[in-house]
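Okay, structure first, notes after.
Any value given below was found using the heavy atoms of this structure, including those in side chains, with hydrogens, waters and symmetry copies removed. By convention in this document, chain letters (A, B, ...) are assigned in the order of the sequence lines, proteins followed by strands, and residues within each chain are numbered from 1.
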Amino acid sequence: MQKNLVIVESPAKAKTIEKFLGKDYKVMSSYGHIRDLKKKDLGIDLANSYRPLYEVPADKEKLVSELQAAVNKADVVWLASDEDREGEAISWHLYETLGLRDKQYHRIAFHEITKNAIFHAIENPRRINRDLVNAQQARRVLDRIVGFELSPILWRKIKPALSAGRVQSVAVRLITEREREIDAFQSEAAYRVQATFLKKEGGTPYQINAELNKRLKTKEEALEFLNRLKGINAFTIDSVVTKPAKKSPAAPFTTSTLQQEAARKLGFSVSQTMSVAQKLYESGKITYMRTDSVHLSSLAINASKAEIGEAYGKKYVKTRQFSTKSKGAQEAHEAIRPTYMNAHQTTGTSQEQKLYELIWKRTIASQMADAELERTTVTINIFEDEDVKFVSSGEVITFDGFLRVYLESTDDEPADNEESTLLPPIMRKDILDLKESTATERFTQRPARYSEASLVRKLEELGIGRPSTYAPTISTIQNREYVEKTNIEGTDREYNVLHLKKGKITDAIKTEKTGADKNKLKPTDTGIVVNDYLTEFFPRILDYNFTADVEKEFDYVAVGAEVWTDMIDRFYKKFHPVVEEALNTHEDHKVGERILGIDPKSGKQISAKIGRFGPMIQLGTQDDEEKPRFVSLRKGQSLGTITIEEAIKLFDLPRPIGEYEEKELTASIGKFGPYIKFDGKFISLPKDADPYTITQEEAIELIEAKRKQDREKLIKIFEGKDGKDGKDAVQILNGRYGPYIAYKEKNYKIAKTVDAAALTLKECMEIIKTTKSKTKTKVEKKEKKKTKVTEKKKKVLEEEAKEKKAKAPKK
DNA sequence: CAGTGAGCGAGCTTCCGCTTGACTT
């Protein structure tokens, strides 16, 4: 039996380490934390100096008993969780939960997974650092207090199941404020002037493009300028300046930079990047993907050096160690890099291959020489004694260095026409002819909305959130419907172009698209209302510096200079009274309400606010005798901008549109768009139809079309015991995606090669057996929504089983 | 993806950071 038990955080790591350590060591994984604050209620004993109430979560119970069994068999336990605040706490929770004795355990940590690092760690064991553990407890308790005291306020004041927290609420604030900047933005127009010159006789002929070094504010100014140009018949090159420049490679990937580059270069979402990286990590191809460190092991640097030397030559090698500049970095791991630098590519899905290649290139490039460039700037004189000049610049790469492998992308869209070009052989004093010149009206750009990846970058910059939480945070704020992805078509905008050629000036109007935006983050009405409410009542928590400030205090705790419960006490004594105050201010469910006015028809008040199902309009008040009427806002409408007329119009639906076959016809808008309702059935309206204007005739046409479709839908029925609609009936139907079999509430696709109408019952049953149905039954759908309910059931079952065991006689 | 269109009463929701796997009669 093995005498030594090593516990690490990740199972992939466990596997690797076990190989290094040999047969005297058993290596297990804790799969992260094994204990947490009680899931229900606050989980903190406020009356007892904030004592945390810990429990092993249900899904960790089995693991903990396996760990316990291994501990009981081992002589020595090596707690090898990561060397950071969370890692220290993981070790301590293991120590507490598994009942380790002080003489029985060693605390060790390694920053890279190499044989040397592991043996070095084993030779240098230490004790658990209680101060660091306390810093983690302070972090954990503070986050729980903030989250579990703020969220219920939102349930009462705005809508159920909302949430707030130190990280997510600030993320929403960033997005909301950016949207306000965009709303307030006034774009300004100015004329950009470009010109093309030709060299006059003598020497080698050439052509050169240049731009005026200032923009002209008005059309009059631009016209006047072109007219003055017209009168000049020779231009002189005033200066030619060439300067050497250098570009250095970016640091190897951290979680956040990987997410940004994968988004820009590969179009991956933040969570997609993480799951692909996880696959690469599990198959041993890259190092750990949740890291804030840019550090590379000496092993990796040497391997890169060898690869670069072999592939590109020695002068391309320049090894470097980068240093982390992000706030609050804990650097328990290496940067994200290939495990084996000599593997330039990898196998697997195409996503895995692409991401791997990106990581390989970034790592290799980080150890390559700077690129060397020459930047040449040419100025062309226009008028005597005036500062306005035409300027042309070009760039030549004299040594490509790391650019040979990799260039980091930027978020900024390239400014139009600023691409650097190779310049012809130009000499000072050269005389030029003007070929043509264009003055184009250009508009200043509004601020850019955040993308998932640029939001991550901003959060990291502010020191908010950790590598393991960036992706989940972004999902949370979308799941809560605080923010959503944009899909804005944009509108046409006219701009003016003045063109001078052969002494003539033409004046043209052109159009361009503006305001289009896709997959960027934008606040919803709910997000705006929640954000405004929280920033008003809890400015401290929503402050961009809040996390950085409390992190400083956690650091004091971590070095033993501060008692963690004192710190929490100071915080709570300030925070909690505001919670109480907030609960007592405002009527419930009225936050963010906008009174639009009085409905002229009924004389009742019309207001807009966030309701149980999102933004809505209310007609009447609770105090009225009659119950108020409610209606949800439509897509594209928002609380802040909806007018009373638009609001009143929403109550016109559902709209009666006469009768057909002595039954009522109504038109309305539902979850799936506009529809007409007839005889208890719903028929979706085609895109060009409007429920506010659709006529009885048009509606009847739709009903008949639907009837015809339904008739064609049914190809064949094999009746069951209970007739053709019975539970065991087999139906062959024509659906949107071709013929299919419906049986026992599930659907089975029929292959295109099969003649559906000719199928026998036997053949149908064969298809049912062999085809996998993708249909979710109603039960499954429900269960997916309420997995927690099943979890509970499971627990009850488990407990029953335990009881039985206990009752059973012992051997 | 195979068919849809909320609205009651009771009890529920929620945080951030570590880590993967995703029940069966």
Side-chain angles (χ1 to χ4, degrees), chain A residues 8-13 29-37 39-43 59-60 63 81-82 84-87 89-90 93 136 139-155 159-169 275 278 281-282 288 290 330 332 464-470 472-473 476 480 547 611-614 616 627 629-632 654 668-677 681-684 713 731 733-742 745-749 773-776 778 783-784 786-791 793-794 797-798:
Chain A
V8 295
E9 287 183 36
S10 143
K13 207 167 164 180
S29 160
S30 73
Y31 291 80
H33 277 292
I34 54 148
R35 225 170 50 153
D36 191 15
L37 295 178
K39 214 169 130 220
K40 275 199 72 182
D41 308 323
L42 190 61
D59 57 341
K60 286 284 172 96
L63 171 72
S81 48
D82 297 343
D84 58 13
R85 195 165 65 201
E86 295 298 326
I90 288 173
H93 282 304
Q136 193 274 348
R139 199 278 305 155
R140 182 69 191 91
V141 165
L142 181 122
D143 281 337
R144 174 56 76 88
I145 289 174
V146 170
F148 276 37
E149 295 218 342
L150 287 187
S151 300
I153 305 179
L154 300 180
W155 305 341
K159 110 178 201 180
L162 292 178
S163 65
R166 174 175 59 80
V167 174
Q168 57 168 291
S169 297
S275 74
Q278 174 91 25
Y281 168 67
E282 282 170 10
Y288 197 57
R290 288 187 277 264
Q330 309 215 358
I464 300 171
R466 303 277 310 133
S468 65
T469 60
Y470 296 137
T473 299
T476 300
R480 298 271 176 278
T547 292
R612 171 77 183 76
F613 304 104
M616 62 157 197
K627 259 184 148 185
R629 285 181 67 197
F630 303 99
V631 60
S632 291
S668 191
I669 294 169
K671 218 175 184 176
F672 308 99
Y675 66 92
I676 47 173
K677 194 175 172 189
K681 285 184 192 122
F682 297 90
I683 302 167
S684 288
K713 187 181 172 188
Q731 301 184 325
L733 303 170
N734 215 347
R736 252 168 76 191
Y737 310 96
Y740 68 97
I741 297 171
E745 292 187 338
K746 290 209 179 200
N747 301 313
Y748 306 84
K749 197 175 171 58
S773 168
K774 285 179 187 167
T775 326
K776 289 202 173 74
K778 278 177 187 167
E783 271 180 4
K784 211 178 171 188
K786 299 197 170 181
T787 39
K788 269 159 205 162
V789 176
T790 44
E791 252 177 51
K793 269 188 196 161
K794 216 170 97 185
L797 284 174
E798 271 169 18

Give [X] one of three labels, base, sugar-phosphate or nothing, depending on what nucleic acid heavy atoms sit under 4.0 Å from its own.
| X | result |
| --- | --- |
| T476(A) | sugar-phosphate |
| L162(A) | sugar-phosphate |
| G465(A) | sugar-phosphate |
| P467(A) | nothing |
| G165(A) | sugar-phosphate |
| S632(A) | base |
| A89(A) | nothing |

[X] side chain N/O closer than 4.0 Å to the phosphate oxygens (OP1, OP2) of [N]?
| X | N | result |
| --- | --- | --- |
| S10(A) | dT20(B) | yes |
| Y288(A) | dT19(B) | yes |
| S151(A) | dC15(B) | no |
| R480(A) | dT14(B) | yes |
| T469(A) | dG17(B) | yes |
| R290(A) | dT20(B) | yes |
| Q168(A) | dC16(B) | yes |

Exercise. Determine, step by step, whether R480(A) and S163(A) satisfy the side chain to side chain donor-acceptor pair (under 3.5 Å) criterion, reporting the C-alpha distance in whole Å, the side-chain angles of both residues, the deciding distance to 0.1 Å, and the verdict.
Key: CA-CA 8 Å; R480(A) 298 271 176 278; S163(A) 65; 2.6 Å; yes

Quiz prompt | Shortest non-hydrogen contact from I90(A) toward S81(A) | solution = CG2-CB, 4.0 Å

Would you mind checking if [Y] and [X] are paired as a salt bridge, meaning a charged N to carboxylate O distance below 4.0 Å?
| X | Y | answer |
| --- | --- | --- |
| E86(A) | R466(A) | no |
| K60(A) | D36(A) | no |
| K13(A) | D82(A) | yes |

Quiz item: Of L42(A) and R166(A), whose closest DNA chain B nucleotide lies nearer the 5' terminus?
Solution: L42(A)

Quiz prompt | Atom NZ of K159(A): over 12 foreign heavy atoms under 6.0 Å | solution = yes

Tell me: [atom1] of [X] to [atom2] of [N], nearest whole Å?
| X | N | atom1 | atom2 | value |
| --- | --- | --- | --- | --- |
| Y470(A) | dT19(B) | OH | C1' | 17 Å |
| R35(A) | dG17(B) | CZ | C1' | 16 Å |
| E149(A) | dC15(B) | CD | C1' | 11 Å |
| D41(A) | dC12(B) | CG | P | 10 Å |
| F148(A) | dC15(B) | CZ | P | 7 Å |
| E282(A) | dA22(B) | CD | P | 12 Å |
| W155(A) | dC15(B) | CH2 | P | 9 Å |
| K159(A) | dA6(B) | NZ | C1' | 12 Å |

Quiz prompt | From CZ (F148(A)) to CG (L37(A)), nearest 0.5 Å | solution = 8.5 Å

Exercise. Look up atom CE in M616(A) and atom OG in S632(A), then write down how far apart they are to the nearest 0.5 Å.
Key: 8.0 Å

Given [options], the nucleotide with the shortest approach to the side chain of [X]:
| X | options | value |
| --- | --- | --- |
| V167(A) | dT19(B), dG17(B), dA6(B) | dG17(B) |
| R144(A) | dC15(B), dG5(B), dG7(B) | dC15(B) |
| D36(A) | dG17(B), dT20(B), dC18(B) | dG17(B) |
| R140(A) | dC15(B), dG7(B), dT20(B) | dC15(B) |
| D143(A) | dG7(B), dT19(B), dC16(B) | dC16(B) |

Self-check item: Gap in Å between the two P atoms, one belonging to dC15(B) and one to dG11(B), rounded
Solution: 23 Å

Quiz item: Taking atom C1' in both dC8(B) and dC12(B), what distance in whole Å separates the two?
Solution: 15 Å

Exercise. Taking syn as within 90° of 0 and anti otherwise, name the glycosidic form of dC8(B).
Key: syn

Quiz item: Looking only at N and O atoms, is any donor in the side chain of R466(A) or the base of dC16(B) less than 3.5 Å from an acceptor on the other one?
Solution: no

Quiz item: What residues form a side chain to side chain donor-acceptor pair (under 3.5 Å) with R144(A), not counting sequence neighbours?
Solution: none

Quiz prompt | Donor-acceptor side-chain pairing of Y31(A) and S10(A) below 3.5 angstrom | solution = no

Quiz item: Pairing of DNA chain B as dot-bracket, 5' to 3': ( ) intra-strand, [ ] crossing, | other strand, . unpaired, with Watson-Crick or G-U pairs under 3.5 Å?
Solution: .........................

